[in-house]
J.: 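Submitted below is the structure of interest, expressed as structure tokens.
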Protein chains: 2
Amino acid sequence: MATINDVARAAGVSPSTVSYVLSGRRPISERTRERVRAAIAELGFHPHAGARALASSRTNVLALVVPLRADVSVPVIMQFATAVVTASRSHNHDVLLLTKDEGTAGLERVAHSTMVDALIVMDVERDDVRLTALRKLKQPSVLIGLPEDPAGIACVDLDFEAAAAEALRHLAWYGHRRVALVGPSPAVYRRGTTYAERFLTGFTAASAGLGLETVTHPCEPDRAGVRACLADIDAQLPGVTALVVHNEEVLRMVLEELRADGRRVPADISVVAICPRDVALTMPLPLTSVDIPAHDVGGLAVETAMRLLDGRSIEPVRLLPPTLVERESSAPPATAAG
Amino acid sequence: MATINDVARAAGVSPSTVSYVLSGRRPISERTRERVRAAIAELGFHPHAGARALASSRTNVLALVVPLRADVSVPVIMQFATAVVTASRSHNHDVLLLTKDEGTAGLERVAHSTMVDALIVMDVERDDVRLTALRKLKQPSVLIGLPEDPAGIACVDLDFEAAAAEALRHLAWYGHRRVALVGPSPAVYRRGTTYAERFLTGFTAASAGLGLETVTHPCEPDRAGVRACLADIDAQLPGVTALVVHNEEVLRMVLEELRADGRRVPADISVVAICPRDVALTMPLPLTSVDIPAHDVGGLAVETAMRLLDGRSIEPVRLLPPTLVERESSAPPATAAG
DNA sequence: CCGGATCGTCGAAGCGCTTCGATGATTTCG
DNA sequence: CGAAATCATCGAAGCGCTTCGACGATCCGG
């Protein structure tokens, strides 16, 4: 492997000049710059990452902590991950992949040993134990999610309260009066992943604001759970004309059960899903949905990390506004008067 | 951050002694070792990764190249990825996540800049352009998959030929004589991902060996594709009593279509899937399946990389034997005589 | 009781890069 | 036209670690 000295020799300049050509931190004449560039290309020179990190205390690597197999749906995790990698690359950074199961120790390990410049953490819980560890690190961190007390740590996420409101507004506009929420599994609530609660809060508030009759119900991610959930909903709120489903795992099963029940979507019952676009599109029927913009959120997380590293200002909490896209699963209720 | 010098001072020894305690490359007396350990713990010392890499030319990082959104199913990719991360951690390595779309350049970048000790590459194609680049790197690489000419590069994968044979043997044993293969989408074949071909080869060979009447058909991953595929199969091989499905994307839809068609699984038609265990289990009916052991393959890839790094011997191509697990989707055909 | 192993530790060099201060050379301007 | 400012480049120090050779100290056998 060629070193910076080889390049310097080949270009007839000093190593520091090569370094300055590379970093642009000092003006270098066009002529010299060209010679150096040619030498770099000819020798196939790539700066040694470790040496660079040692000298500059910058690694150009971001840590990404992903849940291993939580109740978060796998495709969504992948979408976040690829978004983070892609965005990182466009900022000339690489991504070190950590799993949540390494816990606090993993974060401290990579941070203390200076493997990364910043950390992006997915799937944070309301009272996540990792938060205090993150606050102590010299590297900044960005959460995807929103804990109870985000003080001192940047957070980005979808605005789930607004998402719930958006879904209800759409249904109310069509004339629905009785709407049920099929929520995440009880495990998600128990675990304290706040997006579930935030959605619930938004749902309840919007329901009141719009004067709707609503009921909310968590849903276990299996056939039995779905059946039980739908049965409970019917029992608690007879004459429901619309469902908001905030649970990708069961989305498909809900549709199947409705169908098995002889209820046509959207003729007999409307369905609005909260899920990534492509999930909404690969269902038997293209679903009206509020997008979970994993790509945007991931990109924003990286962007935020970069600003933090550059000492630029950031908004500590950034909640992206939701977008509802109407597709084929929502329509006016069969009888406009609920 | 504490440095090795701080530790040395605190323990009353020289920095090199601390280093030797850490690496175990030279004998250090119990007494000294303890003092050093205490100092390390007290100061919360973590060696600087860059400095270490620079001095030792070892990064303790593995690159993992994942397909971004190929026709490979996302959960499988995630399973490989988490398996690789977990296994790497157990060997004291971290994982740098690269996406396939960076192509050859990405591999060269991380290798030339000495960011990683070895590379693990998923989703290799028959004639993958990245192969020649990989061969030139000073770091070893391990492929998950099997290209046409794996010369000089270690490969690990499931033995897909054997997997096909296993599926057919199971069905033949039950007395099925007419079996159809619902294969991956044409795009997968076109792309030259060899697992599809290997499965097909194994399927055809075993079919002949067992004296079965079979037909094989790729399948587009949408409702229309599934319908077309099933219709074609019925047209080409009337009286089919069993399906082997080597396409996770459509698995669920195949079951739905069969059901819509009034064909009961397994009473009217048996189904054997080639997919990860948990996919087989989360279907409406637990499926008899040949496991895709992503976890094992990922672990083996890491293990192989480690052996390569340690200069230990390896088998250049390692194909894991398949395991068929009988569940509820296979049974004897309605009439034992096909 | 002495010469040669063996053991435990140290000091120094060096890994490849960045960065700071210094230094000529050139330009600018009063 | 000379002092001051600016420009382009260089040299050297230093980032934090590993590793090699060296060196006393302890051990062994004869």
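Chain letters run A, B, ... following the sequence lines, proteins first and then strands; every chain starts at 1.
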J.: Any Lys/Arg nitrogen of B:R277 or B:D296 sitting under 4.0 Å from an Asp/Glu carboxylate oxygen of the other?
T.: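 Here B:R277 does not pair with B:D296 in a salt bridge, since their nearest N and O are not under 4.0 Å apart.
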
J.: Side chains of B:T193 and B:R191 only: does a donor on one sit below 3.5 Å from an acceptor on the other?
T.: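 Yes.
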
J.: Using a cut-off of less than 4.0 Å, is there contact between a side-chain N or O of A:S14 and OP1 or OP2 of D:dG11?
T.: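 False: A:S14 side-chain N/O out of range (4.0 Å or more) of D:dG11 OP1/OP2.
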
J.: Contact class for A:P27 vs. all strands (heavy atom < 4.0 Å): base, sugar-phosphate, or nothing?
T.: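 It contacts base atoms.
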
J.: Inspect the contact between A:R9 and A:D6 and indicate whether a charged nitrogen and a carboxylate oxygen are less than 4.0 angstrom apart.
T.: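 Looking at A:D6 and A:R9, the cut-off is met.
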
J.: Can you pull the contact range of chain A along DNA chain C, 5' to 3', using atoms under 4.0 angstrom from its heavy atoms?
T.: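 So the outermost contacting nucleotides come out as C:dG16 to C:dA22.
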
J.: Starting at the 5' end of DNA chain C, which residue's closest nucleotide do you reach first, B:R33 or B:A55?
T.: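 Per heavy-atom nearest nucleotide, the more 5' residue is B:R33.
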
J.: Can you find an N or O donor on one side and an acceptor on the other, under 3.5 Å apart, linking the side chain of B:Y20 with the base of D:dC20?
T.: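 Yes, a donor-acceptor pair under 3.5 Å.
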
J.: With a non-hydrogen cut-off below 4.0 angstrom, is B:S19 in contact with a base, only sugar-phosphate, or nothing?
T.: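 Base contact - B:S19 has a heavy atom under 4.0 Å of at least one base atom.
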
J.: Among side-chain atoms of A:S19 and A:S16, is any donor-acceptor pair under 3.5 angstrom?
T.: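 Side chains of A:S19 and A:S16: no pair found under 3.5 Å.
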
J.: With heavy atoms under 4.0 Å as the rule, sort B:S56 into base, sugar-phosphate or nothing.
T.: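 The answer is sugar-phosphate, as B:S56 gets under 4.0 Å only of primed atoms, P, OP1 or OP2.
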
J.: Rounding to a whole Å, what distance do you find between A:L22:CG and D:dT9:P?
T.: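 Distance check: A:L22 CG to D:dT9 P gives 15 Å.
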
J.: Taking any heavy-atom pair under 4.0 Å as a contact, classify B:R25: base, sugar-phosphate, or nothing.
T.: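 Sugar-phosphate, backbone atoms only, no base.
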
J.: With sugar-phosphate meaning primed atoms plus P, OP1 and OP2, does A:V13 contact a base, only sugar-phosphate, or nothing at under 4.0 Å between heavy atoms?
T.: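 Sugar-phosphate contact only.
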
J.: Which sits closer to the 5' end of DNA chain C, B:A51 or B:S16, going by the nucleotide each is nearest to?
T.: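 Its nucleotide being nearer the 5' end, the pick is B:S16.
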
J.: Look at A:R109 together with A:E102 and state whether they make a salt bridge at an N to O cut-off of under 4.0 Å.
T.: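 Looking at A:R109 and A:E102, the cut-off is met.
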
J.: Please determine which of A:V142, A:V156, A:D159 meets the side chain to side chain contact (heavy atoms under 4.5 Å, CB included) test together with A:R318.
T.: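 When A:V142, A:V156, A:D159 are each tested with A:R318, the side chain to side chain contact (heavy atoms under 4.5 Å, CB included) holds only for A:V156.
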
J.: Can you give me the closest heavy-atom contact between B:Q139 and B:A111, atom names plus distance?
T.: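 Scanning both residues completely, I find the closest heavy atoms to be NE2-O, 2.9 Å.
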
J.: A:R35 CZ to D:dA8 C1': how many Å, rounded?
T.: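 These atoms are roughly 12 Å apart.
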
